[in-house]
Amino acid sequence: MSQVSCGTSRIVGVRFAVYPMSDQFADIIKSALQEVDTSKVWMQTDDITTCVRGRSEHVFDVAEAVFVQAAKNGTHTVFNGTFSIGCPGDSEGDTYMSEDGVRLNKEASADTNVEAATHFALYPMNNPEYMQVIADQVETAKEHGTFTKGVHYASRLDGSANEVFGTLEEIFVDTAQSSSHGHVTMTATVSANSPSKKDNERNG
């Protein structure tokens with residue numbers, strides 16, 4: 001068994017898959033990836049998922065852009081991803097941490113109207129106060145106006161894709177900054193154009 005070398009980088013990563021509910025799913029995914037500028041991140045795609053790594057703003061920028069490009073034509077599309085920072089073995093691709101902060105896909109994503117519903121769960125690893133950390137970040141989501149309600153094993157957000165990913169990013173980054181030497185992960189399932197009736201009575 002190979003061993004993973006430990007690193008100390010605060011590189012952010014997400015491993016995700018996008019699922020367009022269409023017979024043309026392969027073309028939709030390939031087209032979405034081609035439309036997104038990924039030059040400021042380390043990215044690798046295999047037959048199961050895509051991994052994106054780099055500065056937090058570019059990781060979230062690319063994740064949002066891929067989802068928006070896949071969903072923009074009205075196809076029911078689901079993004080399922082796990083964001084991570086502080087993983088002890090995360091060192092490959094550290095050169096991307098020197099990129100500047102200009103987001104390459106921000107304008108295109110913001111100009112594309114995609115409504116999104118999201119379940120997310122936050123995991124501040126090895127933090128005995130994790131429940132308070134999660135509660136604090138729910139308050140952040142309420143301030144954004146995207147928080148809908150708590151559900152079993154997750155919290156729900158509703159809004160435009162830009163609003164939802166913006167909320168997710170702030171929650172993740174705030175938690176990472178308060179745990180500057182810890183490992184934080186966050187799972188997110190984001191859906192657009194679902195034919196199912198929305199249950200989105202917001203709290204707060």
Residues clustered with Val78, ILVMFWY side-chain links under 4.5 angstrom: Tyr19, Met21
Separation of [Y] [atom2] from [X] [atom1] (nearest 0.5 Å):
X      : Y      : atom1 : atom2 : answer
Glu139 : Ile171 : CD    : CD1   : 10.5 Å
Glu57  : Glu99  : CD    : CD    : 10.0 Å
His183 : Asn127 : NE2   : CG    : 13.5 Å
Asp174 : Glu169 : CG    : CD    : 10.0 Å
Thr185 : Arg15  : OG1   : CZ    : 14.0 Å
His58  : Met97  : NE2   : CE    : 9.5 Å

Test side-chain hydrogen bond (donor to acceptor under 3.5 Å, both in side chains) applied to Ser39 and Asp37, step by step: CA-CA 6 Å; Ser39 59; Asp37 192 332; 2.7 Å; yes
Any luck finding a side-chain donor-acceptor pair between [X] and [Y] under 3.5 Å?
X      : Y      : value
His144 : Glu170 : yes
Asn105 : Glu64  : no
Thr187 : Thr82  : no

Residue pair Ile85, Arg10: steps toward the side-chain contact (heavy atoms from CB on, under 4.5 Å) verdict: CA-CA 6 Å; Ile85 185 173; Arg10 296 302 285 172; 3.9 Å; yes
Give the cluster check for [X] versus [Y]: same hydrophobic cluster or not, with ILVMFWY residues linked at side-chain heavy-atom distances below 4.5 Å.
X      : Y      : result
Met186 : Tyr130 : yes
Val190 : Leu122 : yes
Val66  : Ile28  : no
Leu104 : Trp42  : no

Parallel, tilted or perpendicular: ring planes of Phe79 versus Phe16, cut at 30 and 60 degrees: parallel
SB check Lys40 Asp61 (cutoff 4.0 Å): no
Thr77 (side chain) donor-acceptor with Thr75 (main chain) under 3.5 angstrom: yes
Main-chain N/O of Lys106 paired to Ser109 side chain as donor or acceptor, under 3.5 Å: no
Residues, nucleotides or ligands: over 12 heavy atoms within 6.0 Å of Asn126 CG: no
Asp23 atom CG, neighbour heavy-atom count above 12 within 6.0 Å: no
side-chain contact (heavy atoms from CB on, under 4.5 Å) between Cys51 and Met43, intermediate numbers included: CA-CA 6 Å; Cys51 184; Met43 188 171 82; over 6 Å; no
